Amino acid sequence: QVQLQESGPGLVKPSQTLSLTCTVSGGSITTPTYFWNWIRQPPGKGQEWMGAIDYRGSRYYTPSLKSRTFISRDTTKNQFTLQLSSVTPEDTAVYYCARSPTFRSAYDYWGRGTQVTVSS
């Protein structure tokens, strides 16, 4: 059973960088052909796919966030990390990590999500 767990600060100040980590257990982030995704859901809005890193370490980003987003991984800890720079209150959301069998396919495992609020 694969489990994902998001961690990171719940409050970030405007203009700072949001950093979240997803710790994976029950499966390796280097196993072909899985993709490891970050998704967010602002209050009252739908889910937004932010980006992913695949089993080889290749990165993919949604165009609207690409200039502010960086996804990395630590294979020794079986973790992958989201960094979102220059945050504004519009980046307030529940942030999820999830696994998909291939690029942009349906997610088969999700983390529980973590609330991040951008406020001074």
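Just so it is clear, the structure is predicted and the values come from calculations on it, not from any experiment. Quick note: numbers below take in every heavy atom, side chains included, and nothing from hydrogens, waters or symmetry partners.
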Any [X] side-chain heavy atom under 4.5 Å of [Y] side chain:
X	Y	result
E6	L82	no
S64	E48	yes
S86	S15	no
V116	V12	yes
T23	L4	no
S25	V2	no

message: If only side-chain N and O atoms count, and only distance matters, is there a donor-acceptor pair under 3.5 Å linking S19 with Q83?
response: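 There is no such pair between these side chains.
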
query: Hydrophobic clusters join Ile, Leu, Val, Met, Phe, Trp and Tyr when side-chain heavy atoms are under 4.5 Å apart, directly or via other members; which others share one with Y55?
result: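 Hydrophobic cluster check, Y55: no partners found.
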
query: How would you list all residue pairs meeting side-chain hydrogen bond (donor to acceptor under 3.5 Å, both in side chains) that involve residues 67-76, not counting sequence neighbours?
result: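 Only R68-D91, D74-T76 qualify under side-chain hydrogen bond (donor to acceptor under 3.5 Å, both in side chains).
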
- prompt: What ring-ring contact (aromatic ring centres under 6.0 Å, His included) pairs are there with at least one residue in residues 15-35, not counting sequence neighbours?
  reply: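 Every ring-ring contact (aromatic ring centres under 6.0 Å, His included) pair that includes a residue of residues 15-35, provided the two are not neighbours, is F35-Y60, F35-F103.
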
- prompt: For R99 and Y109, what are the C-alpha separation, side-chain angles and deciding distance, and is it a side chain to side chain donor-acceptor pair (under 3.5 Å)?
  reply: CA-CA 5 Å; R99 190 185 81 167; Y109 290 100; 5.2 Å; no

message: Can you give me the closest heavy-atom contact between G111 and Y96, atom names plus distance?
response: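 For G111 and Y96, the tightest heavy-atom pair comes out as O-CD2, 3.7 Å.
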
query: Pick one: which of Y95, W49, F80 meets ring-ring contact (aromatic ring centres under 6.0 Å, His included) with W38?
result: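 When ring-ring contact (aromatic ring centres under 6.0 Å, His included) is applied between W38 and each of Y95, W49, F80, only F80 qualifies.
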
task: Go through L65 and R40 one step at a time and tell me if the side chain to side chain contact (heavy atoms under 4.5 Å, CB included) criterion holds.
output: CA-CA 12 Å; L65 295 174; R40 69 180 182 178; 3.7 Å; yes

message: Checking T30 against S28 for the side chain to side chain donor-acceptor pair (under 3.5 Å) test, could you report, in this order, the C-alpha distance in whole Å, the side-chain angles of both residues, the deciding distance, and whether it holds?
response: CA-CA 5 Å; T30 62; S28 172; 2.8 Å; yes

message: With rounding to the nearest 0.5 angstrom, report the CD1 to SG distance, I39 to C97.
response: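 Rounded to the nearest 0.5 Å, the CD1-SG separation comes to 8.0 Å.
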
